[in-house]
There are 2 protein chains.
Amino acid sequence: MKAQDCIFFQLAKASQTGVKFWSQIVASFGVTAVQAMVLGFLHEADQISSRELGERTQLDSATLTGVLDRLESGGLIERTPNPADRRAIRVVLTTKGKATTLEMRTVMEEANAEFLHDLSDQERQTLRELLGKIRSAHHKGG
Amino acid sequence: MKAQDCIFFQLAKASQTGVKFWSQIVASFGVTAVQAMVLGFLHEADQISSRELGERTQLDSATLTGVLDRLESGGLIERTPNPADRRAIRVVLTTKGKATTLEMRTVMEEANAEFLHDLSDQERQTLRELLGKIRSAHHKGG
DNA sequence: TGCAAATAACTTGTATGCAAGTCAAATGCT
DNA sequence: AGCATTTGACTTGCATACAAGTTATTTGCA
């Protein structure tokens, strides 16, 4: 078996290609690929705790603290206290954060389509299914 | 479109799942996932320059310098001078590096099979093809 | 009620990834 | 030969990842 045939290598490199592609697109909004993803999730569910945000984005709490720090410095989100649990925070989009996120969501759809431009509709569907199958198979101790 | 349906997110998370899986396996050899990958490529082509190794592994020269540093500290590789080009180095596996790499290649095949355990032969084949298609479509300015 | 165990966010240390820049050596062109 | 350009490896700075540990707070249970 050649190293290039290793599924871990293939996944990692396809992922890197995607992240680079997406990074260049969202760079014009002043955010990184990961930051853009976090904003996208916040657009779906605002006011959630760091823990829940980490669950949805599949980001480690250590990683997320840094990402939130930079988003907060950029004025895109705010950390507000949660009166019901003083250990937790509530992450909220600022006005600027909401505007940026809205703009990016349009761009994201275009980017998704363009990134998979060379694949047929059937292939895109299959790819998403297979990637999902992998993740669910290895979810928490599979 | 939900953030979870973003192909960049799906690729990144499937990749992370793979890297974590592979990392746990190679940890017993005292190397990281990336280090194991580099060793795998060196097993195919020893004595190559850092530039060529970077081409094959798709690792940035900045990243590769650090990876080679740690492999060299671990006694798995050595940097030797290239008399034909004094700018370049030649990366060679040590005896220990060769032994480790040999052992790992067996484990790698098992890990590949186990990681894709929930997929049929047809699905595995399709997945590899689609990932390859993505990478080649975006290779150097696509 | 009181205290051990669990939890939320953060911190620390190490390893990629990548853009940008440095330095020495090799190349190309006149 | 002489010199600008290119190249190979390295360095720096910043942004993820993630294991491991800290602190304050909350929960669960005797």
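Scope of the values below: all heavy atoms of this structure, side chains included, with no hydrogens, waters or symmetry mates.
Applying the salt bridge (Lys or Arg N to Asp or Glu O under 4.0 Å) test to Glu129(A) and every residue at least two apart in sequence or in another chain returns nothing. Under the salt bridge (Lys or Arg N to Asp or Glu O under 4.0 Å) criterion, Lys20(A) pairs with no residue, sequence neighbours left out. Residues passing the side-chain contact (heavy atoms from CB on, under 4.5 Å) test with Ser61(A): none are found, sequence neighbours excluded.
Nucleotides of DNA chain C lying under 4.0 Å from heavy atoms of chain B occupy a range whose first and last members, 5' to 3', are dA15(C) to dA26(C).
Listed by first and then second residue, the salt bridge (Lys or Arg N to Asp or Glu O under 4.0 Å) pairs involving residues 87-107 of chain B are Asp85(B)-Arg87(B) (not counting sequence neighbours). Note on residues 2-17 of chain A: no pairs pass salt bridge (Lys or Arg N to Asp or Glu O under 4.0 Å), not counting sequence neighbours. Pairs passing the ring-ring contact (aromatic ring centres under 6.0 Å, His included) check and including a residue from residues 22-50 of chain A, sequence neighbours excluded, read Trp22(A)-Phe8(B), Phe41(A)-Phe9(B). Pairs of residues two or more places apart, or lying in two chains, that qualify as salt bridge (Lys or Arg N to Asp or Glu O under 4.0 Å) and include a residue from residues 35-52 of chain A are Arg51(A)-Glu55(A), Glu52(A)-Arg56(A).
As judged by a 4.0 angstrom heavy-atom cut-off over every strand, Arg79(A) is placed among residues touching the sugar-phosphate backbone only. Among the atoms of the strands shown, none is found under 4.0 Å from any heavy atom of Ser23(A).
Side chains of Leu119(A) and Thr126(A) form no contact here, defined as non-hydrogen atoms less than 4.5 Å apart.
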B/S/- along nucleotides 14-26 of chain D (protein heavy atoms under 4.0 Å) is -SSBBB----BBS
